Amino acid sequence: MRDLIISDIHANLEGLEAVVAAARGGYDRVVCCGDLVGYGADPNAVVDWVRAHAAVVIRGNHDKVAAGLDSMEDFNPLARQAAVWTADTLTAENRAWVRGLERGPVVVDGAYAVVHGSPRDEDEYVTEGGEVRAAMEAATEQLTFFGHTHVQGGFQLKQRQVITIGPPFLDETEYTFALSPDYRYLVNPGSAGQPRDGDWRVGAAIYDTGAKTVRLLRVSYDLETAQRKIREAGLPPLLADRLARGY
Ligand code: ZN
């Protein structure tokens with residue numbers, strides 16, 4: 001089975017459509033690591049697409065806030081404004097569906113796990129050192145896909161040694177690696193809607209459960225349209241600007 005893993009779409013329909021188009025023909029199933037909404041201008045279109053196409057979906061922190069499951073206390077002012085707008089804009093049906101999303105970790109077909117933040121806490125940011133080791137130790141599977149940081153790539157761990165896995169280079173559109181039986185892996189497919197690793201292109205991953213290979217994809221998309229929709233919706237203009245910087 002080849003699974004297209006997408007995360008942190010954040011209501012960016014143009015980003016989502018671009019990663020799906022780039023992956024077309026190369027996957028059998030869609031799995032989503034959460035944060036479907038928040039920041040972008042198309043929460044309903046993105047939720048509709050994920051509802052229709054994803055086999056497995058877990059919730060992210062922005063989904064919880066939009067669905068009224070969590071307060072926006074921890075959000076900065078930009079995220080708050082976007083969360084209020086998103087909660088008002090989601091249809092009642094989509095809001096109810098988002099509210100019912102599962103909490104990670106979820107193990108997919110006994111092959112790998114998906115979480116939003118980390119295996120031990122769905123809201124934790126896994127970025128370096130001790131967090132990575134603690135997250136790996138809490139993981140039940142050899143491979144866990146995670147989101148939340150919007151930084152494509154991840155980590156492989158053998159005993160106490162952590163090796164960073166980078167995203168594709170700026171002039172490349174993909175990077176493929178095979179799992180080694182000696183290592184455990186935490187892999188971020190990248191953000192399909194608001195990258196924060198300095199590359200404006202959206203990301204996703206394809207995991208081949210038979211070959212045990214991970215393909216990280218990086219895809220150009222219709223940035224201008226996504227930005228224009230954010231401005232026209234009355235969302236904070238900074239949310240449009242940051243998409244161009246990939247941060
Ligand atoms: Zn996110």
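Note that ligands are numbered from 1 as they come in the structure, with each ligand's atoms numbered from 1 the same way. All figures in this text were calculated on a predicted structure; none of them were measured in a lab.
Rounding to the nearest 0.5 Å gives a distance of 11.0 Å between CD of Glu124 and OG1 of Thr149.
Taking the six-membered ring wherever Trp is involved, the centroid distance between the rings of Phe145 and Tyr112 falls below 6.0 Å. Taking the six-membered ring where the residue is Trp, the centroids of Tyr247 and His150 are separated by 6.0 Å or more.
Residue His148 does not count as close to the Zn ion (ligand 1), with no N, O or S atom under 2.8 Å.
Rounding to 10 degrees, one finds that the Zn ion (ligand 1) sits at the corner of an angle of 90° between His10 NE2 and His150 NE2. Between Asp8 atom OD1 and Asp35 atom OD2, the angle centred on the Zn ion (ligand 1) amounts to 100° (nearest 10°).
A cation-pi contact, defined as under 6.0 Å to the ring centre and within 45° of the axis, is absent between Arg215 and Phe177.
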